[in-house]
Amino acid sequence: MRLIWQAVALLTLAVVCAAASNAMAGRERRLAWKGAAITEGSQRSASTPAAGSAAPVSAASSQAGKGSFSPHPDKPYVEISGGETSQLHGRGDVPFLDARRTSVYREGHIAGARPLSVWESDIDDKVKAFFAEGHDPSGPIVVYCSGGECEDSHTLAQKLYLAGFDAVFVYKDGFPDWQRRGLPVHSGDRP
Amino acid sequence: MAGALKIADPPGFAHEIHNYALLPERLVNPAALILPWLEVVTGLALFLGVWRRSAAAIFAVLLVVFIGALSINLGRGRPVDCGCFGTSSVPRTGAERLAEMKVAIGRDVLLLLLAGQILWAVPRPSRRGSAPLVR
């Protein structure tokens, strides 16, 4: 019995330390106790696919013509290639959002992209603030992370979709592909 | 040591836990916040000789959980970063990750044997209630 009480005391001490440490942590290192980076289910409509279940469709194959990045209100996101991403970047009026950690963003990001790390505690506030800026809900938005097995861009796309954006495009090969192509990159806090 | 590295970057550790695809999402963040501190608290208790049996028991439970989580994903053929010593920034192939998972399981089994040895070697407290709290 004593062993159990001592174990409970150690566990309680760990929880207290975790709470204190998290309360004192900076914005980038803090975690929300409630909620999670990944949005469970959908509050947008009953027919909305849940996170991760949306069937990715190539923009080039789903649009009437190449270069037409029209809204897709029936699914949270559409995956696009490096060429398509470059095309959208060239328009100059398309928001680019970086879903990686802010510290990684500072090391290098797509020129003009803004940091919206899905694993930092203020992500929901940042998505709301982005929406409040008055961007066209039907206008294209590009999100990306590190390509490969990285799912952060899909998570951010889901959040943007639930916030009301209908034309979110996930750059599936992400920042490593962008660098390989020699396309414009910035570093530091500057977008 | 391992706990301290995770404490330094809770969002990174939460990401690693998420990648294991075992916990409901609402439990990912609390686990990422509490687990590293539980490792540190039990490690300090063992190091200082305070409540060693209880600390070793928690340590053993944690190791069983870690071994189970790694084994399930190994069985799935799903390569994940161990996350044992915080977030790794080195890109690795799936095969490299699977190999590292096997090494991590082996290491955790050895640590589990060590925890078992502590539980076996440290005498149980006296039932008369006169045993000192700190052994």
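Here is the naming used below: chain letters follow the sequence lines, and residue numbers restart at 1 for every chain.
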- ILVMFWY network linking Val16(A) to Leu31(A), side-chain heavy atoms under 4.5 angstrom: no
- Task: Enter the distance from His15(B):NE2 to Cys150(A):SG here, rounded to the nearest 0.5 Å.
- Result: 6.0 Å
- Taking all non-hydrogen atoms of both residues into account, name the closest pair between Ser54(B) and Ala7(A) and its distance. CB-N, 3.9 Å
- Under 4.5 Å, heavy atom to heavy atom: which of residues 57-68 of chain B reach chain A? Give them by number, or say none. Ala57(B), Ile58(B)
- To the nearest 0.5 Å, what is the distance between CG (Leu33(B)) and CH2 (Trp33(A))? 4.5 Å
- Query: side-chain contact (heavy atoms from CB on, under 4.5 Å) between Leu10(A) and Trp51(B): does it pass, once the steps are laid out?
  - Reply: CA-CA 9 Å; Leu10(A) 289 173; Trp51(B) 294 348; 4.0 Å; yes
- Message: Please classify the contact of Arg101(A) with chain B as side chain, backbone, both or neither, using a heavy-atom distance under 4.5 Å.
- Response: side chain
- Message: Check for me, please, whether Val118(A) and Phe165(A) land in the same ILVMFWY cluster - side-chain distances under 4.5 Å, paths through other members count.
- Response: yes
- Which atoms of Ala8(B) come close to chain A, meaning under 4.5 Å heavy atom to heavy atom: side chain ones, backbone ones, both, or neither? backbone
- Assign the ring pair His18(B) / Trp119(A) to parallel, tilted or perpendicular, where the plane angle (0 to 90°) is split at 30° and 60°. tilted
- Message: Please determine whether residues Leu156(A) and Tyr105(A) belong to a single hydrophobic cluster, defined as Ile, Leu, Val, Met, Phe, Trp and Tyr linked transitively by side-chain heavy-atom distances below 4.5 Å.
- Response: no
- Find the distance between OG1 (Thr12(A)) and CG (Leu38(B)) and round it off to the nearest 0.5 Å. 10.0 Å
- Item | Phe131(A)-Val168(A) co-clustered via ILVMFWY side chain contacts under 4.5 Å | yes
- Would you give the length of the straight line joining atom CG of Leu11(A) to atom CD1 of Ile34(B), rounded to the nearest 0.5 angstrom? 7.0 Å
- Going hydrophobic residue to hydrophobic residue with side-chain gaps under 4.5 angstrom, can you get from Val103(B) over to Leu112(B)? no
- Query: For chain B, which residues from residues 184-191 of chain A have at least one heavy atom closer than 4.5 Å to it?
  - Reply: none
- Task: Measure the shortest side-chain to side-chain distance between Val40(B) and Cys17(A) over non-hydrogen atoms and say whether it is less than 4.5 angstrom.
- Result: no
- Note on the structure: Highest number of heavy-atom pairs under 4.5 Å with chain B among Ala18(A), Ala19(A), Ala25(A), Ser121(A) belongs to Ala18(A)
